[in-house]
Amino acid sequence: MRVHLGRVDAVLVQALIAAALSFAHLHDVAMAAGQDGWKAWAYPISVDLLLVAAWRRLRSGTAKAAAWCWFVIALVASLGANVATAGLLDLSNVPAWLRILVAGWPAVAFLGGTLLAHSPPKADTDEIGADVIEDPEHEPEATPAPPVIEALPERPPVPVPAALVDHARKVAAEHHTRTGAPIDTPTLRARLGIPTPMAEAIAAQLT
């Protein structure tokens with residue numbers, strides 16, 4: 001446990017030293033480029049915040065392309081200040097292009113920080129597809145099979161006496177003369193006083 005804490009402490013100390021040196025170099029470059037007072041201290045803070053925002057987006061696993069882009073931009077700004085203050089640049093006579101870069105950095109940092117902090121992460125389409133498949137509520141409902149209609153057994157022919165058929169014809173003719181319409185099966189059954197199957201068989205012979 002103590003060995004682990006010692007390793008962690010060493011890493012933290014190294015990170016703090018590196019951050020302090022980078023912070024000082026960015027401050028010196030900003031001062032040399034004409035950004036004095038509190039503005040010179042704000043430049044290294046904006047660079048570090050952009051690095052942190054890009055790193056957090058990389059750790060989240062979403063929009064990695066944009067996160068890497070802004071991480072590289074902030075890293076180049078930090079490394080550029082470190083190299084510039086290593087004796088390769090005369091801080092007493094800063095070139096115009098460096099002054100332009102330093103003056104335009106706040107807008108770049110604001111844009112990058114806003115996009116990284118407020119852009120909604122894109123949902124993983126594969127996970128959404130898996131959730132839909134695994135969710136029983138999204139399973140398509142089975143189409144019910146159409147009901148099977150069984151054929152009704154055919155009725156056997158009802159024997160009808162010929163005399164009854166002749167009498168039925170007279171009744172039908174009398175009904176047609178009186179009403180002007182052909183007689184229907186219920187009326188024929190009632191007039192003759194016979195069961196319905198026999199009335200239907202006689203009505204079939206009258207048509």
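Below, each value reflects all heavy atoms present in this structure, side chains not excepted, and no hydrogens, waters or symmetry copies. Owing to the predicted nature of the structure, the values given are computational and were not obtained by experimental measurement.
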Handout entry: Any residue meeting salt bridge (charged side-chain N to carboxylate O under 4.0 Å, His left out) with Arg56, in chain and number order, not counting sequence neighbours
Key =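 If we apply the salt bridge (charged side-chain N to carboxylate O under 4.0 Å, His left out) test to Arg56, skipping adjacent residues, there are no hits.
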Problem - Non-neighbouring partners of Asp166 that pass salt bridge (charged side-chain N to carboxylate O under 4.0 Å, His left out), sequence neighbours left out - result: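 Scan of Asp166 (salt bridge (charged side-chain N to carboxylate O under 4.0 Å, His left out), adjacent residues dropped) gives Arg169.
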Are [Y] and [X] connected in a single hydrophobic cluster, I mean Ile/Leu/Val/Met/Phe/Trp/Tyr linked by side-chain heavy atoms less than 4.5 Å apart?
X	Y	answer
Leu111	Leu50	yes
Trp70	Phe110	no
Val108	Val76	no
Leu58	Leu75	yes
Leu49	Trp41	yes

Exercise for the section: For residues 190-199, pull every pair meeting salt bridge (Lys or Arg N to Asp or Glu O under 4.0 Å), keeping only residues two or more places apart or in separate chains. Expected result: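 For residues 190-199, and leaving out neighbouring residues, the salt bridge (Lys or Arg N to Asp or Glu O under 4.0 Å) pairs sorted by first residue read Glu174-Arg191.
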To the nearest 0.5 Å, what is the distance between [atom1] ([X]) and [atom2] ([Y])?
X	Y	atom1	atom2	answer
Thr196	Arg189	OG1	CZ	4.5 Å
Leu192	Leu164	CG	CG	6.0 Å
Glu200	Leu188	CD	CG	10.5 Å
Met31	Leu26	CE	CG	13.5 Å

Exercise for the section: Specify the closest pair of heavy atoms between Ala74 and Val47, including all atoms of both residues, with the distance to one decimal. Expected result: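 Where Ala74 meets Val47 most closely, the heavy atoms are O-CG1, 3.6 Å.
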Practice task
Work out which heavy atom in Ala172 is nearest to a heavy atom in Ile183; give both atom names and the distance.
Solution key: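 Between these two residues, the closest heavy atoms are CB-CG2, 3.6 Å.
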Show me the side-chain donor-acceptor pairs of residues 94-106 shorter than 3.5 Å, one per line, residues at least two apart or across chains.
unit_1, atom_1, unit_2, atom_2, d
Arg99, NH1, Ala33, O, 3.3
Trp105, NE1, Ser46, OG, 2.8

Problem - Which residues share a ring-ring contact (aromatic ring centres under 6.0 Å, His included) with Trp55, sequence neighbours left out - result: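 If we apply the ring-ring contact (aromatic ring centres under 6.0 Å, His included) test to Trp55, skipping adjacent residues, there are no hits.
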Handout entry: For His176, all residues meeting side-chain contact (heavy atoms from CB on, under 4.5 Å), sequence neighbours excluded
Key =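 For His176 the side-chain contact (heavy atoms from CB on, under 4.5 Å) partners, ignoring immediate neighbours, are Pro182.
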Handout entry: Main-chain N/O of Ala173 paired with Thr177 side-chain donor or acceptor, under 3.5 Å
Key =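 It does hold such a pair.
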